[in-house]
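A short write-up of the structure that comes next.
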Protein chains: 2
Amino acid sequence: MINDSQVVNAAFRGSFEPALIEEINRIGIYQEVEEGEYLIRPGSYIRSVPIILSGSIKIMRPDAAGNEALLYYLSGLDSCAISMTGTPDNKPSEITAIAEEKTRLIFIPVEKVDEWICRFPTWKQFVFRTYQRRFDDMIATIDSIAFQKLDERLLTYLKKKTQSCQCTVLQITHEEIAREMATSREVISRLLKQLERVGYLRLSRNKIEIL
Amino acid sequence: MINDSQVVNAAFRGSFEPALIEEINRIGIYQEVEEGEYLIRPGSYIRSVPIILSGSIKIMRPDAAGNEALLYYLSGLDSCAISMTGTPDNKPSEITAIAEEKTRLIFIPVEKVDEWICRFPTWKQFVFRTYQRRFDDMIATIDSIAFQKLDERLLTYLKKKTQSCQCTVLQITHEEIAREMATSREVISRLLKQLERVGYLRLSRNKIEIL
DNA sequence: GCGGTTCCGTGATATATGTCACACGGGCGA
DNA sequence: TCGCCCGTGTGACATATATCACGGAACCGC
């Protein structure tokens with residue numbers, strides 16, 4: 001049986017200095033969430049920053065009309081830049097975070113994020129790399145929405161999805177894809193069918209197998 | 001005649017502690033750019049971070065096919081978060097920064113950005129607020145592209161534009177708007193005409209007057 | 001004033017995407 | 001086993017946006 005601190009140690013060794021790992025073990029709150037569980041809902045206040053140990057989390061942006069747009073995925077050793085910055089003004093969150101699969105993470109209180117920056121060089125590096133990655137992700141998202149047609153977007157969507165879950169069989173409904181891409185189910189069904197005809201994937205109920 | 005350090009002092013007094021202002025005066029490189037001038041082009045390397053003293057800068061994202069998408073504007077006391085993070089891996093920039101009008105700014109070498117974070121609390125605060133603002137901007141951009149129809153997008157575009165230049169008369173061509181919104185000139189012309197009929201604005205050559 | 005250039009207005013048409021309506025089939029609980 | 005719900009496939013149609021093809025108006029240099 002693996003306990004929390006072993007998991008943390010294994011995940012961070014090599015990235016963080018020992019004193020920092022110890023601090024994380026002491027302060028961080030370990031948590032496991034199941035697939036589909038919400039970590040953040042719009043309107044809630046973010047008081048701590050999650051670091052993903054294993055699994056993956058998807059970050060979405062809902063709009064007033066009930067649509068959503070996928071911003072990016074978080075997986076191993078990623079963290080959510082929005083939650084680092086989201087708090088200073090004490091504004092509530094404007095995003096949604098949902099576990100894509102069973103996910104283990106550790107929460108660090110925001111004050112500590114700040115405090116550690118000057119105490120641990122590797123932490124500062126981590127925080128900045130996190131920002132940079134999330135910026136790159138957001139730019140990629142904008143690229144995709146602004147420049148690509150739906151069929152291309154669907155392809156990049158499927159690619160990212162398989163990357164983030166590290167498998168070729170997606171357990172997902174057309175409806176859900178449509179929601180994440182802010183379009184309608186029928187359109188996705190048609191495009192998927194098209195991709196199946198071309199031999200890019202195989203469809204069945206609740207399942208898409210990439211070839 | 002105003003000299004550089006007076007400008008800098010006036011801009012930063014109240015936001016930064018005196019020691020930091022002095023440091024900025026000593027290290028930062030003051031520069032003025034004219035309207036239309038490029039600060040960053042895709043492919044160039046970013047070795048220093050600009051802080052805008054007055055004027056405004058627009059940050060765009062070009063794609064391979066020659067289209068562009070507007071990411072956000074920078075104006076008084078803003079800074080570009082991408083340039084803070086853009087350097088760690090020594091990757092070239094993937095964005096474009098263009099002066100919207102005559103703009104005064106001061107460049108801080110990236111190493112100093114990093115160093116000052118632990119030395120000056122107000123600087124750390126500044127850096128984090130910058131990140132947060134840019135994140136919010138990017139999310140607003142995604143909202144607009146993902147959820148709004150072109151006519152609404154055009155409205156929000158015009159609003160932001162007037163905000164950033166602080167005036168109601170925009171010196172701009174339909175072609176340029178189209179490029180920034182990644183669509184075509186005819187479409188923008190039609191939509192603008194529509195807005196004129198509704199009495200929202202008045203059109204003339206190279207000029208849009210918001211009412 | 002003249003010729004060229006840039007910007008703008010607008011019809012006609014093409015294409016992509018969104019919406020509606022409905023049928024089919026599989027799973028699953030009563 | 002029956003009925004029902006959910007996910008899917010698909011035609012027909014509505015709408016939004018892109019593209020093409022012009023013509024005309026404003027401006028600029030000569």
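Computed over heavy atoms, backbone and side chain alike; hydrogens, waters and symmetry mates excluded. Chain A is the first sequence line, chain B the second, and so forth, proteins listed ahead of strands; every chain is numbered from 1.
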*Pick out which of B:Q163, B:E100, B:E101 makes a side chain to side chain donor-acceptor pair (under 3.5 Å) with B:S56.*
B:E101
*Euclidean distance, atom CD of residue A:Q148 to atom P of D:dA18 [Å, nearest integer]*: 15 Å
*A:E186 side chain: which of D:dT19, C:dC20, C:dT10 is closest?*
C:dC20
*asked:* How many whole angstroms separate atom NZ of A:K149 from atom P of C:dT15?
replied: 10 Å
*Send over the distance from B:E209 CD to C:dC8 C1', rounded to a whole Å.*
18 Å
*asked:* In this structure, how many angstroms lie between the C1' atom of C:dC7 and the CD1 atom of B:I188, rounded?
replied: 15 Å
*How many Å lie between CZ on B:F147 and C1' on D:dA16, as a whole number?*
18 Å
*Going by heavy atoms in the side chains, are A:I106 and A:F12 under 4.5 Å from each other?*
yes
*Nearest to the side chain of A:T183 - C:dG18, D:dT19, D:dG9?*
C:dG18
_Short side-chain N/O contact from A:H174 to OP1 or OP2 of D:dG7, under 4.0 Å_ = no
*Among the candidates D:dC6, C:dG9, C:dT19, find the nucleotide nearest to the side-chain atoms of A:R205.*
D:dC6
*Side chain of B:N206 only, please: which of C:dG26, C:dC7, D:dT10 is the nearest?*
C:dC7
_Between P of D:dT15 and CG of B:D151, the distance in whole Å_ = 14 Å
*For B:T173, report the nucleic acid contact type (base, sugar-phosphate, nothing); a contact means any heavy atom under 4.0 Å.*
sugar-phosphate
_Between the side chains of A:R202 and A:E196, is the shortest nitrogen-to-carboxylate-oxygen separation below 4.0 Å, so that they form an ion pair?_
no
*Take atom CD of B:Q171 and atom P of C:dT6, then tell me their distance rounded to the nearest Å.*
19 Å
*Is any side-chain N of the basic residue among A:R134 and A:D137 closer than 4.0 Å to the acidic one's carboxylate O?*
yes
*On DNA chain C, nearest-nucleotide positions of A:L191 versus B:L203: which is more 5'?*
B:L203
*Which listed nucleotide (D:dT10, C:dA12, C:dA16) is nearest to the side chain of A:R190?*
D:dT10
*Quickly work out the A:K207 NZ to D:dC6 C1' distance and round it to whole Å.*
18 Å
*Are B:E152 and B:K149 within salt-bridge range, i.e. N to O under 4.0 Å?*
no
*For the side chain of A:R185, starting at C-beta, report the closest nucleotide among C:dT17, C:dC8, D:dT8.*
D:dT8
